[in-house]
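Shown next, in structure tokens, is the structure this report addresses.
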Amino acid sequence: MLDRLFANTLYPTGLEFSRVEGYPNSDAGILLIPGRYWAGREAEISVAISRYSWCLMIVTSDEESLFDTGKIDHPAVRFWIQTPRVGRDYGTARFIPLGFPPYFDHLEPATRNLDVFLAGQCTHQRRKEAFAALEPGERRRIEPTTGFLQGMDPAEYVRCMSAAKVAPAPSGAVSPDSFRVWEALEAHAIPVADDVSPTYDSRGYWRMLLGDPPFPILTDYSNLPGWIDDLLADWPRNANRVTGWWLTRKRLMRDWLRADLAALGADVPDLPRVTVLVTCSPIPSHPSTHILEETIASVRERLPRAEIFLVFDGVRPEQEARRADYEEFIRRALWLADHEWGNVLPFIHDEHLHQGECARRAVEAMTTPLLLFMEHDTPLTGEISFADIAATIEAGDANVVRFAHEAAIHPEHRYLMLDTDPQDVRGVPMMRTAQWSNRPHLASVAWYRVLLEHHFPPGLKDFIEDRCYGPLVNAVDRDGVMGWLGWRTWIYTPEGNIQRSFHTNGRAGENKFD
């Protein structure tokens with residue numbers, strides 16, 4: 001998992017790394033230490049790193065927690081610790097997972113035809129209790145082995161984990177942590193973690209490591225059959241929430257790395273300045289993801305490095321019959337987000353919040369100055385000068401620049417334009433408009449926060465367009481250009497055909513809900 005982090009395939013960091021064996025010949029660096037094998041040599045390491053202005057030290061492979069970070073002497077060092085020991089004081093160190101092995105790097109989607117999967121060593125009491133609580137069956141594959149690497153072929157193991165819904169993960173030989181927890185998460189199965197080590201009092205390990213994870217944590221294996229029944233009854237809804245959480249954990253490792261390197265004094269460049277916000281809700285074509293895939297592909301073609309916030313609204317009461325298809329759609333979309341698209345952060349809501357509240361919660365989480373708002377069935381088309389348009393917004397000339405969905409301004413909408421011809425704004429051809437539309441648009445995040453806060457008080461459920469169209473028109477009708485200045489809304493109008501988005505009609509002709 002650390003390999004993936006540094007290769008920018010776990011979650012893009014915006015940084016580049018080079019790897020060396022031994023101590024890097026530089027003025028600073030990240031040092032990975034297999035703790036078990038370097039325990040007792042902390043003073044030697046302190047001398048070796050004294051020439052560095054700073055050091056981020058990542059201690060791995062140390063289930064027994066033999067390596068003593070407290071003996072590392074350096075004025076500018078930070079620590080990441082794998083498999084920390086409950087009860088040990090690590091100061092301000094960050095705790096990282098054991099992770100998954102390399103053969104989980106390239107997963108293929110599979111039919112979830114296994115309810116339960118557990119294959120592994122049955123070599124200590126906790127493992128014996130776990131296997132004893134499980135019975136093989138037609139949709140259950142339970143295979144104990146007598147030693148490390150004596151089980152099934154890795155490719156078959158990956159296939160089974162990718163086909164599983166629930167994956168019990170009994171304790172390792174020392175730490176409650178095990179590869180299996182992270183294998184399950186990476187394959188989008190639900191792990192059932194073990195909070196009890198066979199060698200020391202480890203209760204509280206998972207909460208120490210992860211806070212409040214969304215998967216079950218056991219201390220008594222007599223409860224395992226009941227947990228499995230409950231998990232299967234709520235699948236895939238629960239699996240989707242676990243997977244959404246897992247993607248946030250990958251992103252958190254990215255954030256930790258950038259924050260720690262910056263605090264130590266490294267030159268950490270900014271991430272791309274645009275976050276793409278894509279909203280989803282139940283539509284007739286679900287569980288198919290083809291409409292969403294077309295929209296995401298249009299974004300990746302034009303903004304390949306931008307992070308995408310993928311927002312799933314809850315199911316409104318009128319659409320309850322679509323809940324099963326919608327949850328399956330979310331499951332498939334999360335697989336694509338994690339294993340094909342990358343750089344995607346999901347927001348999954350159990351309650352129907354509607355577009356405005358969903359957007360507000362996502363926008364509050366943004367750290368970029370700009371957002372590209374898109375509904376799930378509104379792909380982009382044609383060439384778009386994003387860098388130039390972004391410059392007009394960051395300079396204060398615009399708050400919102402919309403991408404037209406027709407080849408020219410519709411005659412019936414011309415009265416909503418404040419210009420008869422495009423203006424040249426910092427080299428960008430645009431027309432001022434008093435027409436709000438939630439077709440794709442680039443906007444200021446700071447301004448959007450104010451917009452949503454003002455027009456969507458807590459508890460209000462509505463479309464953004466329905467709440468903003470009237471106030472914008474009224475402001476311009478009342479105060480003309482002075483009223484428009486509070487909105488600064490434009491349409492991108494390049495020469496010739498101005499269409500830069502289109503509609504794949506996700507609603508399929510159905511009436512819009514109130």
Side-chain angles (χ1 to χ4, degrees), residues 244 248 272-282 295 299 303 306-316 344-378 386 389-390 392-394 396-403 405 416 432-476 478-479 483-492 501 506 512-514:
T248 67
R273 300 179 69 76
V274 178
T275 300
V276 183
L277 171 58
V278 180
T279 60
C280 301
S281 57
T295 298
V299 171
L303 294 169
E307 184 175 31
I308 296 174
F309 280 15
L310 192 54
V311 181
F312 301 95
D313 193 6
V315 178
R316 61 191 309 148
V344 175
L345 183 68
F347 292 75
I348 307 173
H349 299 294
D350 288 313
E351 177 191 355
H352 168 61
L353 300 176
H354 219 308
Q355 186 184 74
E357 182 62 21
C358 284
R360 182 166 68 168
R361 297 187 185 193
V363 170
E364 281 301 315
M366 291 182 183
T367 57
T368 55
L370 302 170
L371 68 89
L372 172 63
F373 186 100
M374 300 182 68
E375 295 173 328
H376 56 156
D377 56 355
T378 57
F386 274 108
I389 297 169
T392 70
I393 296 173
E394 294 200 76
D397 300 313
N399 289 323
V400 175
V401 179
R402 196 173 84 237
F403 303 114
H405 62 280
L416 292 167
R432 294 174 297 173
T433 181
Q435 178 191 35
W436 182 277
S437 170
N438 260 67
R439 299 290 185 164
H441 51 273
L442 193 69
S444 157
V445 168
W447 184 84
Y448 225 87
R449 285 184 180 139
V450 174
L451 177 84
L452 293 172
E453 191 68 31
H454 180 72
H455 292 286
F456 288 87
L460 178 68
K461 299 180 179 181
D462 206 348
F463 288 102
I464 296 174
E465 182 175 313
D466 290 356
R467 297 291 297 180
C468 294
Y469 190 100
L472 172 55
V473 170
N474 292 337
V476 175
R478 184 180 63 251
D479 300 315
W484 175 86
L485 285 173
W487 294 76
R488 299 179 193 265
T489 48
W490 300 77
I491 298 179
Y492 180 51
S501 68
K512 180 178 172 181
F513 287 102
D514 292 334

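As the structure is a computational prediction, the values presented were derived from the model and not from experiment.
Atom CZ of F456 and atom SG of C358 lie 10.5 Å apart (nearest 0.5 Å). For the atom pair OG1 (T489) and CG (L472), the distance works out to 4.5 Å, reported to the nearest 0.5 Å. Taking CG from L371 and CZ from R273, the interatomic distance works out to 13.5 Å, rounded to the nearest 0.5 Å. Separating the CG atom in D479 from the CG atom in N474 is a distance of 10.5 Å, to the nearest 0.5 Å. In this structure, T275 OG1 and L303 CG are separated by 10.5 Å, a value rounded to the nearest 0.5 Å. For the atom pair NE2 (H405) and CD1 (I491), the distance works out to 9.0 Å, reported to the nearest 0.5 Å.
Considering only heavy atoms from C-beta on, C468 comes within 4.5 Å of L451 through its side chain. Looking at Q355 and E375, their side chains come closer than 4.5 Å, going by heavy atoms from C-beta outward. With contacts defined as side-chain heavy-atom distances shorter than 4.5 Å, the pair V274/T368 does not qualify. The side-chain heavy atoms of R361 and H349, taken from C-beta on, include a pair separated by under 4.5 Å. Using a 4.5 Å heavy-atom threshold, the side chains of R360 and E453 count as touching.
When each of F373, W490, F386 is tested with F403 by the rule ring-ring contact (aromatic ring centres under 6.0 Å, His included), just one qualifies, namely F386. Applying side chain to side chain contact (heavy atoms under 4.5 Å, CB included) to L277 and the options V311, L310, L372 leaves one that passes, V311.
A donor-acceptor pair under 3.5 Å is absent between the side-chain atoms of W484 and the main chain of A475, judged by distance alone. Side-chain atoms of H441 come within 3.5 Å of backbone N or O of R439 as a donor-acceptor pair. The backbone N or O of Q435 sits less than 3.5 Å from a side-chain atom of R402, completing a donor-acceptor pair. Between the side chain of N399 and the backbone N or O of W487, at least one donor-acceptor pair lies under 3.5 Å.
Aromatic ring centroids of Y469 and F463 lie 6.0 Å or more apart.
Here the closest heavy-atom approach between residue V401 and residue T392 is recorded as CG2-OG1, 4.3 Å. Of all non-hydrogen atoms in G244 and P346, the two that sit nearest each other are CA-CG, 3.7 Å. Closest of all the heavy-atom pairs between S281 and H376 is O-CE1, 3.6 Å. The two atoms that bring G506 and D377 nearest to each other are N-OD2, 2.8 Å, heavy atoms only. Contact detail for E465 and S437: the closest heavy-atom pair is OE1-CA, 3.5 Å. In plain terms, the two heavy atoms of A434 and V476 that are nearest each other are CB-CG2, 3.7 Å.
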From CA spacing to verdict: side chain to side chain contact (heavy atoms under 4.5 Å, CB included), V299, I308: CA-CA 9 Å; V299 171; I308 296 174; 4.2 Å; yes

Check against side chain to side chain contact (heavy atoms under 4.5 Å, CB included), R316 and H354: CA-CA 8 Å; R316 61 191 309 148; H354 219 308; 3.7 Å; yes

H352 and D313: CA distance, side-chain angles, deciding distance, side chain to side chain contact (heavy atoms under 4.5 Å, CB included) verdict: CA-CA 6 Å; H352 168 61; D313 193 6; 3.0 Å; yes

L452 and I464: CA distance, side-chain angles, deciding distance, side chain to side chain contact (heavy atoms under 4.5 Å, CB included) verdict: CA-CA 8 Å; L452 293 172; I464 296 174; 4.0 Å; yes

